[in-house]
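Small disclaimer: the values here were computed from a predicted structure and weren't measured. The analysis underlying the following values was restricted to heavy atoms, covering all of them including side chains, and did not include hydrogens, waters or symmetry mates. By convention in this document, chain letters (A, B, ...) are assigned in the order of the sequence lines, proteins followed by strands, and residues within each chain are numbered from 1.
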Amino acid sequence: MSLQIYNSLTRQKEEFIPLQPGRVHIYVCGPTVYSHAHIGHAKSYISFDVVVRYFRYLGYRVKYVQNITDVGHLLGDADEGEDRILKKAREEQLDPMEVAQMYTWSYFDDMAALGVLRPDISPHASGHIIEQIELVKILLEKGYAYESNGSVYFDVHKFPEYGQLSGRKVEELEAGSRVEVNPEKRHPADFALWKKAEPNHLMKWPGPWSVGYPGWHIECSAMSMKYLGETFDIHGGGLDNIFPHHECEIAQSVAATGKPFARYWMHNNMISLSGEKMSKSLGNVWNIKDVVKNYSSLAIRHFILSSHYRSRLEYSEEALKAAEQGSHRLLNAVEKLQEALRAAAEGEIFSAPFSPEDYRRRFEEAMNDDFNTARAMAALFDLAKASNQYLAETPAPHKPFLVEIEQLFKTLGHEVLGILPAEIGAGAGAVSGELVEKLMILNLDVRNQLRKQKNWALADQIRNELQKAGVILEDRPDGTTGWSREK
RNA sequence: GGCGCCGUACCCAAGUGGCUAAGGGAAAGGUCUGCAAAACCUUCAUUCGGCGGUUCGAAUCCGCCCGGCGCCUCCA
């Protein structure tokens, strides 16, 4: 089956056909850098991280752009001219750019800690003021926008398709009581492309209409088209950005170029806490920096990928713990595999008890179905079980067979999902160092002599002390002892 | 008020017309074992919020009801 993607624009799954054969151009809305990223951001960016990884696995050459919003969004269309970064700057007595920069680094750190691969381009809104102004100029020239008292607004009535993505009608929006009346606008649903700065506004740039700053939506149009072309393959982001952000992006971009904008729109669902959306305004937020203190990055990815990206995911300590345990199960399976591999022989006569390729097929089928990572992971767990079973009942396992399985874990588990580390098997010399390896052999040798003398007290003391140092011992039925580092 | 989503075992979570309702965690019993850990085996939803309907057949489609949530303002 070919890759199917649920397109928010058409509200159905569609076969993915790239604009240019073999290439994928993808843009994902990045964070507004005014505070630390939370676990909800992790869901979004890990989801798209896996989307990009899977495209690469399929052999596509991917160009992945994710913006950094460091200009700040308006608090409201008819607000006092204070954006969220500026607000934070006031609160923390910092230059607005210091705030943005500080949280940009923080965001990059958090993503690295979660094993999220870097986008190919991370453009800053503040570094693309010129491009944004140029885009506004075009919209004015084409008659889609109008200037009013130094600000520029997009006229939604000039763009009949407005509302297509979010399923909204302009009349309904205008009838809605939540749209504040702004005397500068012709219609309540019009949105700002350029805002004239109030005297107390610190983040501002000289523009053709006033000293001001760009509207919220224009940056994504300007930067995505600059780096990916006027029409590109995929635009992603959180469900909560469909309206107004993505709706406005489409309007601006299509109006300016006369061409289709993004061809597939992908939206990830939210993380909830006690049934409610996790968001800063509700104050029910778990920062990534705090979650990482208690759970491994593999477990966090495991937790997030165990549900579909378009499903809402309920955050709880219990769920994170379950993910941590599940993560250990996979790691243990691969460790056992690698240990067996070191002792395995090539062998000549061999009939495979199962076909590893079957599991790859299942994995791909799941991923091809709109990136169903939950089902893909089930295939990996089943592979782990099959592998464990084989090793448990086979005294002299067949080396090429084990290599094949190991390769599968590495490709699917590590490279695509990122739920297994690059180097598995902490007990292996590669990770621990030659000296440690030798000391452990000595240690276990002494302990096994104690065990033969039935000196359980001393043998257990060694095991306990090693555990305190983060080394787990495992006495096998055959009398040998294995060891690994605590996960 | 408008648009939309969800309700699957003790917990998390796949599945959206038809073989035995994935997978993980927890729990119970067993094998192994000096003990521990890991692994393996077994058990764990005749049932998918409720009630009707369509169909040879529905967790999956339709209707109503109950419960929860998202967007409509910044939000991943």
Worksheet entry | Watson-Crick or G-U wobble mate for B:rC35, both contacts under 3.5 Å | none

Item to complete: Sticking with atom C1', work out how far B:rU20 lies from B:rA76, rounded to a whole angstrom.
Response: 40 Å

Discussion item. For the CZ atom on A:Arg118, are there more than 12 heavy atoms of other groups (residues, nucleotides or ligands in this structure) within a distance under 6.0 Å?
Written reply: no

Fill in: Side-chain-base donor-acceptor pair under 3.5 Å for A:Asp460 and B:rG34
yes

Practice prompt. Pick the P atom in B:rG18 and in B:rA22, then give their distance to the nearest Å.
Written response: 14 Å

Response to the item:
Among B:rG4, B:rA39, B:rC35, the one nearest any side-chain atom of A:Arg329 is B:rA39

Fill in: B:rC6 and B:rA59, which share atom name C1', separated by this distance in whole Å
14 Å

Discussion item. Suppose we call a contact any N or O donor and acceptor under 3.5 Å apart; does that hold for the side chain of A:Arg463 and the base of B:rA36?
Written reply: yes

Practice prompt. Provide the distance between the two C1' atoms, one in B:rC12 and one in B:rU46, to the nearest whole Å.
Written response: 24 Å

Item to complete: May I ask you to decide if the ring planes of A:His302 and A:Phe381 are parallel, tilted or perpendicular, using 30° and 60° as cut-offs?
Response: perpendicular

Item to complete: If B:rC56 has a Watson-Crick or G-U wobble mate with both distances under 3.5 Å, name it; if not, just say none.
Response: B:rG18

Worksheet item: Within the stacking criterion (centroid distance below 5.5 Å, interplanar angle below 30°), does A:Tyr45 stack on B:rA76?
Response: no

Worksheet item: Just to confirm, is there a sub-4.0 Å distance from OP1 or OP2 of B:rC40 to any side-chain nitrogen or oxygen of A:Asn388?
Response: yes

Fill in: Test item: side-chain donor near acceptor, A:Glu14 and A:Tyr264, under 3.5 Å
no

Practice prompt. Could you let me know what B:rC40 is paired to, Watson-Crick or G-U wobble, both distances under 3.5 Å, or none if it's on its own?
Written response: B:rG30

Practice prompt. Would you please say whether a donor-acceptor pair under 3.5 Å links the side chains of A:His128 and A:Tyr227?
Written response: yes

Discussion item. At less than 3.5 Å, do the side-chain atoms of A:Asp475 and the base atoms of B:rC35 form a donor-acceptor pair?
Written reply: yes

Discussion item. Pairing check on B:rC10: which nucleotide meets the Watson-Crick or G-U wobble criteria with it, both distances under 3.5 Å?
Written reply: B:rG25

Discussion item. Looking at B:rG15, I'd like to know if its phosphate oxygens (OP1 or OP2) sit under 4.0 Å from a side-chain N or O belonging to A:Asn372.
Written reply: yes

Worksheet entry | Interatomic distance at C1', B:rG63 relative to B:rU55, whole Å | 16 Å

Practice prompt. Rounded to whole angstrom, note down the C1' distance from B:rU33 over to B:rC48.
Written response: 41 Å

Discussion item. Measuring to OP1 and OP2 of B:rC71, would you say a side-chain N or O of A:Lys277 lies under 4.0 angstrom away?
Written reply: yes

Worksheet item: With both distances under 3.5 angstrom, what nucleotide forms a Watson-Crick or G-U wobble pair with B:rG63?
Response: B:rC51

Discussion item. Within the 3.5 Å criterion, strictly below it, is a donor on A:Glu249 or A:Ser221 matched to an acceptor on the partner's side chain?
Written reply: no

Worksheet entry | G-U wobble or Watson-Crick pairing nucleotide for B:rC71 (cut-off 3.5 Å, both distances) | B:rG2

Item to complete: Mind listing the residues from residues 310-323 of chain A sitting with a heavy atom below 4.0 Å of RNA chain B? Number order is fine.
Response: A:Ser311, A:Arg312, A:Leu313, A:Glu314, A:Glu318, A:Ala322

Discussion item. Please tell me whether A:Asn448 and A:Arg451 have a donor and an acceptor in their side chains that are separated by less than 3.5 angstrom.
Written reply: yes

